[in-house]
Each structure stands twice: as C-alpha cells, then as structure tokens.
Amino acid sequence: MAKNRPSSGQVRIIAGQWRSRRLPIKDLEGLRPTTDRVRETLFNWLAGDLSGARILDCFGGSGALCLESLSRYASYARVFELQASAAQQLKENLKTLKCDSSTAEVIQGDTLKLLAAQPDEGFDIIYIDPPFRKALAEKTIELIADNGWLNENAQIYVETESEVAHLVVPGDWVQLKEKKAGQVIYRLYQYQP
C-alpha cells in the first residue's frame with residue numbers, strides 16, 4: 001500500500017533534543033512507519049516516563065519509535081529488525097545522531113527467536129509494532145511475558161491492524177489506553193505483577 005509509505009523516504013523526529021530532524025529510511029516491502037499523528041499521541045501518553053528509561057523496540061523498521069524515545073532522553077534503546085537493509089539504515093541514523101553502543105543497539109534478526117532468550121536486563125518501555133497480517137503481536141506478547149523482558153511497572157505499546165479488535169494479553173498487563181486511527185489500533189499496557 002503505497003499510501004502508507006512516506007514518499008520522501010524520511011522519518012521526522014517530533015520532539016526532544018533532535019526535534020524536527022529528518023532521517024532517511026529504506027523504502028522496503030512491509031515497512032510501515034508509525035504516522036506522526038499516532039506517534040504524537042503515543043509520546044503524549046509516555047511523556048513522564050521516557051527520561052532515563054530502557055527501551056526495547058521489537059520491530060524496528062524505520063526506527064521512528066526508538067529515535068523519538070532517545071530524542072526524549074531515554075537512557076538506552078535496543079532494536080530488533082529482521083530486514084538487513086533496514087537494520088543497517090537505522091545503525092547509520094544512530095551514528096548520525098552520535099549514539100554509541102552504550103546508548104543504542106540494533107540487532108538484525110528474527111524478533112521471535114531473539115525474544116525466546118532471557119535478556120541481560122529488563123526494559124521499562126517496550127514497543128510491539130509488527131508487520132500487519134502476520135499474526136506476530138500475540139506471539140511477541142507471550143515471549144516477552146514468559147522470558148523476563150519487563151521491569152516492574154513497564155509499559156508496553158502494541159500497534160496492530162484495526163481488524164484485531166481483541167488482543168490476548170497476560171492477566172498482569174493492565175490496559176491504560178486504546179485508540180484507533182484509520183487502519184490502525186494502538187494500545188498501551190502496564191505490567192503490574
């Protein structure tokens with residue numbers, strides 16, 4: 001769907017230290033950057049929780065969510081991305097922004113395989129924005145919940161196609177927000193063990 005892709009091949013950072021910076025992104029099949037409108041709502045929801053947070057972006061794509069988080073002073077971001085060229089572009093964009101490996105790490109690989117392992121340390125905010133119509137959201141949620149990826153009171157953002165009216169999440173995930181925009185439904189949960 002060409003209309004979901006930015007024609008400029010760029011992602012714009014909305015706010016924070018890199019406000020209004022435009023960074024190149026690859027025009028790849030299935031790459032669907034979160035729109036500015038949805039990102040603005042999401043980051044309003046997370047406003048008080050980003051500074052100093054450890055971020056995990058499960059499906060990096062354009063890197064919009066990771067870059068926006070780091071711009072708003074998240075302390076660390078780890079990004080999983082399956083497509084080698086998208087992962088490479090994200091690494092280049094992080095280098096442009098002078099982010100080193102202590103601030104951000106891009107791991108090229110299959111998210112479900114990467115989440116099957118236990119992390120060295122948990123995360124405060126996790127983004128789950130998988131390619132649409134591949135039934136990845138609930139599998140990702142299950143792996144995150146089962147393998148110790150969440151710090152106490154972590155927040156989890158899940159973006160899916162609007163047909164996914166009901167999402168199965170663990171009983172200790174409390175839904176905080178939900179909104180629909182066009183073909184997208186997005187939700188914010190908090191892990192409350």
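Each residue takes its place number in the sequence, starting with 1.
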Spell out, as yes or no, whether a donor-acceptor pair under 3.5 Å connects the side chain of [X] to the backbone of [Y].
X: T140; Y: L136; result: yes
X: S69; Y: A74; result: no
X: Q108; Y: Q83; result: no
X: Q183; Y: S162; result: no
X: S71; Y: Q17; result: yes

Nearest non-hydrogen partners of [X] and [Y], listed with the distance:
X: G61; Y: E81; result: N-OE1, 2.6 Å
X: G52; Y: S75; result: O-OG, 3.0 Å
X: R54; Y: Y76; result: NH1-CD2, 3.4 Å
X: A117; Y: N147; result: O-CB, 3.9 Å
X: V164; Y: I185; result: O-CG2, 3.9 Å
X: N153; Y: Q192; result: OD1-CG, 4.2 Å

Pairwise distance [atom1]([X]) to [atom2]([Y]) - rounded to 0.5 angstrom:
X: K139; Y: T111; atom1: NZ; atom2: OG1; answer: 12.5 Å
X: C58; Y: L112; atom1: SG; atom2: CG; answer: 9.0 Å
X: I144; Y: L56; atom1: CD1; atom2: CG; answer: 6.0 Å
X: N151; Y: I126; atom1: CG; atom2: CD1; answer: 8.5 Å
X: L65; Y: Y157; atom1: CG; atom2: OH; answer: 6.5 Å
X: R72; Y: L70; atom1: CZ; atom2: CG; answer: 12.0 Å

Aromatic ring proximity, centroids under 6.0 angstrom, Y191 and W149: no
Going hydrophobic residue to hydrophobic residue with side-chain gaps under 4.5 angstrom, can you get from [X] over to [Y]?
X: L188; Y: I156; result: no
X: Y73; Y: F43; result: no
X: Y189; Y: L150; result: yes
X: F80; Y: V11; result: no
X: V106; Y: L67; result: yes

Exactly one of L143, L167, I128, V158 clears side chain to side chain contact (heavy atoms under 4.5 Å, CB included) with E138, and that residue is L167
Pair E159 + R187, salt bridge at N-O below 4.0 Å: no
Flag the pair E68 and R39 as a salt bridge only when some basic side-chain nitrogen lies within less than 4.0 angstrom of an acidic carboxylate oxygen. yes
Could you give me the CA-CA distance, side-chain angles and deciding distance for V79 and I107, then say whether side chain to side chain contact (heavy atoms under 4.5 Å, CB included) is met? CA-CA 6 Å; V79 182; I107 300 171; over 6 Å; no
>> Let's go through Y186 and T160 carefully: what are the C-alpha distance in whole Å and the side-chain angles of both, what is the deciding distance for side chain to side chain donor-acceptor pair (under 3.5 Å) to 0.1 Å, and is it a yes or a no?
In response: CA-CA 6 Å; Y186 52 110; T160 62; over 6 Å; no
Check: [Y] and [X] side chains under 4.5 Å, non-hydrogen atoms:
X: F59; Y: L82; result: no
X: S85; Y: Q88; result: no
X: L115; Y: D146; result: no

*asked:* Quiz question: by atom type and distance under 3.5 Å, do the side chains of Q89 and N93 form a donor-acceptor pair?
replied: yes
query = Do we see a donor-acceptor contact under 3.5 Å between the side chains of Q155 and D49?
reply = yes
When you look at CD of E142, are more than 12 heavy atoms from neighbouring residues, nucleotides or ligands closer to it than 6.0 Å?
no
Working for side chain to side chain contact (heavy atoms under 4.5 Å, CB included), residues F123 and D57: CA-CA 10 Å; F123 290 86; D57 189 346; over 6 Å; no
- Task: Report the C-alpha separation of Y127 and L42 in whole Å, then their side-chain angles, then the decisive distance to 0.1 Å, and conclude whether the side chain to side chain contact (heavy atoms under 4.5 Å, CB included) test is met.
- Result: CA-CA 10 Å; Y127 300 120; L42 166 62; 3.9 Å; yes
Please test R78 against I55 for side chain to side chain contact (heavy atoms under 4.5 Å, CB included), starting from the C-alpha separation and ending with a verdict. CA-CA 6 Å; R78 182 177 298 166; I55 305 296; over 6 Å; no
